[in-house]
Amino acid sequence: LDLSTFFLGRPLTAPLMNASGVWCNVNGQLHALAESEAGAMVTKSCTLLRRDGNPEPRYHTLSMGSINSMGLPNEGHQYYLDYAERHDYENKPLFFSVAGLTLDDNLTIVAQIQDAYTPALLELNLSCPNVPGKAQIGYDFDALDVILAEISSAYSRPFGVKLPPYFDTAHFDEVADILNRYEKVNFITCINSIGNGLMIDMDSETVLIKPKQGFGGIGGEYVLPTALANVNAFHSRCPKKSIIGCGGVSTGEHVFMHLLAGASLVQVGTALYEQGPEIFVRLKTELATIMQEKGYKTIREFQGKLKTL
Ligand SMILES: C=Cc1c(C(=O)O)[nH]c(=O)[nH]c1=O
């Protein structure tokens with residue numbers, strides 16, 4: 001059974017990787033991902049300078065997923081550039097996530113990635129829901145257009161964007177129209193967490209996390225239908241771009257659904273946070289079993305082939 005997939009002309013040993021922000025903040029975690037069965041990996045979204053992030057508790061496991069308001073804690077862009085220099089690209093591709101707090105910060109970081117001649121693939125995070133006072137670029141369509149124009153002229157190579165979930169067909173249409181104007185945007189990662197959810201502790205009658213009065217991004221099983229819809233919506237609207245699926249994946253079936261919906265590569269967030277990088281072994285095995293049962297020998301035979309009624 002050939003679980004390998006092609007992503008932007010790169011052969012991957014498995015269509016699986018971590019979601020940015022999970023198991024990828026520091027070198028020890030990045031090394032564990034590099035050694036795991038994942039086919040690729042991505043660094044924590046970085047800002048120009050190191051950030052502590054929001055006060056704890058800022059992550060909580062829920063019955064069907066997670067709520068987080070980490071607040072973009074990261075070691076600063078240079079730390080991840082140093083990792084990118086040491087990464088073994090023969091082993092697996094590395095994505096480099098950037099979430100600068102301002103357009104200038106994004107341009108400064110991207111210029112340094114450019115100068116570093118690193119083989120890492122830029123994933124521009126336009127969807128962090130947890131930095132107090134910072135509206136998501138992904139929901140400000142004019143700002144989205146501006147940042148894509150600026151990054152496209154500052155960065156000479158193709159890059160990708162990490163989008164928030166959209167919930168309205170008109171928004172799928174409008175965002176796809178914007179993205180399709182930028183041929184350098186050659187991949188789209190859908191989705192980031194569903195922003196500003198709230199969960200409650202029945203005994204203490206309190207919220208579960210400290211930042212933002214308990215409001216935080218929702219991940220895990222709760223978001224699978226929204227993730228699949230965004231993957232499929234952009235897969236059908238952006239035929240010249242590759243889709244990376246993210247959201248709600250904890251079993252081989254979920255991986256299969258994302259691939260069927262149009263993803264070429266599938267990220268794992270909440271379930272990886274809970275179970276660690278060994279999860280990639282289980283997901284590969286479960287996906288292989290499903291493919292065997294269905295008589296598929298390669299992912300290409302079903303990738304993007306979701307049928308309608
Ligand atoms: C980069 C910040 C993000 C964070 C965070 O650091 O709070 N949490 C998410 O669920 N998604 C993000 O994009």
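These values consider heavy atoms only, across backbone and side chains, with no hydrogens, waters or symmetry-generated copies. Numbering of ligands and ligand atoms starts at 1, following listing order.
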Closer than 4.0 Å to some heavy atom of [X] - which atoms of ligand 1 meet that?
X: Leu72; value: 1 (C), 2 (C), 5 (C), 6 (O), 7 (O)
X: Asn192; value: 9 (C), 10 (O), 11 (N), 12 (C), 13 (O)
X: Asn125; value: 1 (C), 13 (O)
X: Pro73; value: 6 (O)

Would [X] count as a polar contact of ligand 1, with the cut-off being nitrogen or oxygen pairs under 3.5 Å?
X: Asn68; value: yes
X: Gly71; value: yes
X: Ser45; value: no
X: Ala99; value: no

Are [X] and [Y] near enough that their ring centres are under 6.0 Å apart?
X: His171; Y: Tyr139; answer: no
X: Phe172; Y: Phe167; answer: no
X: Phe159; Y: Phe187; answer: no
X: Phe256; Y: His258; answer: no

Cluster overlap Ile178 with Ile243, hydrophobic side-chain contacts below 4.5 Å: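 Yes, one cluster joins them.
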Within one Ile-Leu-Val-Met-Phe-Trp-Tyr cluster: Leu272 and Phe95, side-chain cutoff 4.5 Å: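 Cluster IDs for Leu272 and Phe95 differ.
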Side chain, backbone, both or neither: Lys44 near ligand 1, heavy atoms under 4.0 Å: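 Side chain only.
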Mode of Pro129 contact toward ligand 1 - side chain, backbone, both, neither (heavy atoms, under 4.0 Å):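 Just the side chain.
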Where Tyr79 and Asn25 come nearest, the two heavy atoms and their spacing: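 Shortest heavy-atom contact: CE2-O, 3.8 Å.
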Asn130-Arg58 side chain donor-acceptor pair, cut-off 3.5 Å: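 Per modelled atom types, Asn130 and Arg58 side chains form no pair under 3.5 Å.
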Distance from atom 3 (C) of ligand 1 to nearest protein heavy atom, with residue and atom: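 The closest one turns out to be Cys128 SG, 3.1 Å.
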Heavy atom of Ser193, distance to ligand 1 below 4.0 Å: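 Flag set, Ser193 near ligand 1.
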